[in-house]
Amino acid sequence: MRVSFTKMHGLGNDFVVLDARAQDLPALDKARAAAIADRNTGIGCDQLIVLEPSDTADFRMRIYNHDGGEVGACGNATRAVALLHGSEARIETSGGLLVASPTAGGASVDMGEPRFDWDAIPLEYPMDTFSMPVSWEMLADPGAVNVGNPHVIFFVEDTDAVPLDRLGPEIENDSLFPERVNVNVATVENRGRIRLRVWERGAGLTRACGTGACATAVHAIRRKLVDSPVTVALPGGELEIAWQPGGSIRMTGPATESFRGSFEWDDFA
Ligand SMILES: N[C@H](CCC[C@H](N)C(=O)O)C(=O)O
């Protein structure tokens with residue numbers, strides 16, 4: 001059967017969006033999700049996004065990483081589907097309910113409240129997630145935050161000097177993180193700006209990571225390194241993150257529809 005899709009991105013973090021409300025999509029398993037996301041033999045994307053009907057929100061958004069694994073949150077994709085929706089959207093995700101409002105050329109999203117308890121990240125055993133007594137070579141003293149998905153955050157003098165292509169997968173797959181983890185390496189430039197690179201769980205180095213920007217901004221605000229709102233500059237561009245302790249995170253930034261197409265479902269068994 002032919003399946004229609006919309007190709008989108010948020011600051012270069014790219015998505016294939018399938019709307020299961022407009023077409024009868026067969027069940028999606030890990031192998032097929034990875035085959036569609038494959039940049040050599042598939043359509044190609046960092047994450048595959050499926051929109052479904054919801055009893056509790058305007059629609060449900062399911063998120064599959066490049067490796068086919070289903071996960072609970074994707075900040076950049078949330079802005080993209082809000083752009084598609086065209087008006088304020090209440091979005092059900094397995095990481096919680098999100099509320100997104102389109103802005104000129106993108107969206108502003110209430111990403112919910114961050115969680116900090118070791119078993120909410122989750123970690124393999126109890127630990128202070130504000131200042132974790134662990135290190136991998138030059139990456140030390142991280143924090144951990146769950147924003148619907150798990151993030152570990154390291155502050156360094158120069159994020160561009162870190163061999164994240166080598167240390168990212170090592171940390172992502174460390175047994176300290178039973179659900180694996182997104183690895184954020186950030187440089188605080190001043191009290192209003194953070195430079196960030198992310199090794200994403202199940203997707204590797206991406207041009208941007210919305211939840212990574214949220215988790216990093218929250219951790220920097222907790223450590224009193226920056227004020228709120230703060231600009232997070234990723235390789236693909238900038239996001240604005242606002243958060244006060246006890247409240248929810250607000251992420252604002254661009255979203256882009258690249259093109260629409262279709263493919264033969266059975267081509268990706
Ligand atoms: N790799 C992430 C999902 C996508 C996050 C990123 N694309 C974003 O914009 O938040 C995870 O496994 O939790």
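These values consider heavy atoms only, across backbone and side chains, with no hydrogens, waters or symmetry-generated copies. All ligand and atom numbering here is 1-based and tracks the order in the structure.
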Chemist: Within less than 4.0 angstrom of ligand 1, does Cys209 place any heavy atom?
Modeler: yes

Chemist: For Asp46 and ligand 1, answer yes if some heavy atom of the residue is under 4.0 Å from a ligand atom, otherwise no.
Modeler: no

Chemist: When you check the gap from the basic side-chain N to the acidic O, do Asp174 and Arg180 get nearer than 4.0 Å?
Modeler: no

Chemist: Is it the side chain (CB and beyond), the backbone, both or neither of Arg180 that lies under 4.0 Å from ligand 1, heavy atoms counted?
Modeler: neither

Chemist: Heavy-atom distances under 4.0 Å are what count here, so tell me which part of Asn76 touches ligand 1: side chain, backbone, both or neither.
Modeler: both

Chemist: So, are Asp141 and Arg223 salt-bridged, with charged N and O less than 4.0 Å apart?
Modeler: yes

Chemist: To the nearest 0.1 Å, how far is atom 1 (N) of ligand 1 from its closest protein heavy atom, and which atom is that?
Modeler: Glu200 OE1, 2.8 Å

Chemist: Can you list the atoms of ligand 1 that are under 4.0 Å from a heavy atom of Asn182?
Modeler: 1 (N), 2 (C), 11 (C), 12 (O), 13 (O)

Chemist: Return the residue, atom name and 0.1 Å-rounded distance of the protein heavy atom closest to atom 7 (N) of ligand 1.
Modeler: Asn13 OD1, 2.9 Å

Chemist: Hey, do the aromatic rings of Phe268 and Phe263 have their centres closer than 6.0 Å?
Modeler: yes

Chemist: Where on Cys74 is there a heavy atom closer than 4.0 Å to ligand 1, on the side chain, on the backbone, on both, or on neither?
Modeler: both

Chemist: Between Arg260 and Ser4, does any side-chain donor sit less than 3.5 Å from a side-chain acceptor?
Modeler: no

Chemist: Who gets closest to atom 13 (O) of ligand 1 by heavy atom: Val198, Val181, Asn149, Leu234?
Modeler: Asn149

Chemist: Using side-chain heavy atoms (C-beta onward) and a distance below 4.5 Å, is Arg195 in contact with Asp160?
Modeler: yes

Chemist: Which ligand 1 atoms does Ala73 reach within 4.0 Å, using its non-hydrogen atoms?
Modeler: 3 (C), 4 (C), 5 (C)

Chemist: Between Arg39 and Asp46, is there a side-chain N and carboxylate O pair less than 4.0 Å apart?
Modeler: yes

Chemist: Does the side chain of Thr252 come under 3.5 Å of the side chain of Glu240 through a donor N or O and an acceptor N or O?
Modeler: no

Chemist: Looking only at distances, can you tell me whether any N or O atom of Gly75, backbone or side chain, sits closer than 3.5 Å to an N or O atom of ligand 1?
Modeler: yes

Chemist: Quick one: does ligand 1 sit under 4.0 Å from the side chain of Thr211, the backbone, both or neither, non-hydrogen atoms only?
Modeler: both

Chemist: Looking at ligand 1, does any of its N/O atoms fall within less than 3.5 Å of an N/O of Gly210?
Modeler: yes

Chemist: Quickly, which of Leu123, Asn182, Val183 forms a side chain to side chain contact (heavy atoms under 4.5 Å, CB included) with Phe177? Name it, please.
Modeler: Leu123

Chemist: List the steps, then state whether salt bridge (Lys or Arg N to Asp or Glu O under 4.0 Å) holds for Glu52 with Arg21.
Modeler: CA-CA 6 Å; Glu52 299 178 341; Arg21 299 169 297 175; over 6 Å; no

Chemist: Answer side chain, backbone, both or neither: which part of Ile63 comes under 4.0 Å from ligand 1, heavy atoms only.
Modeler: neither

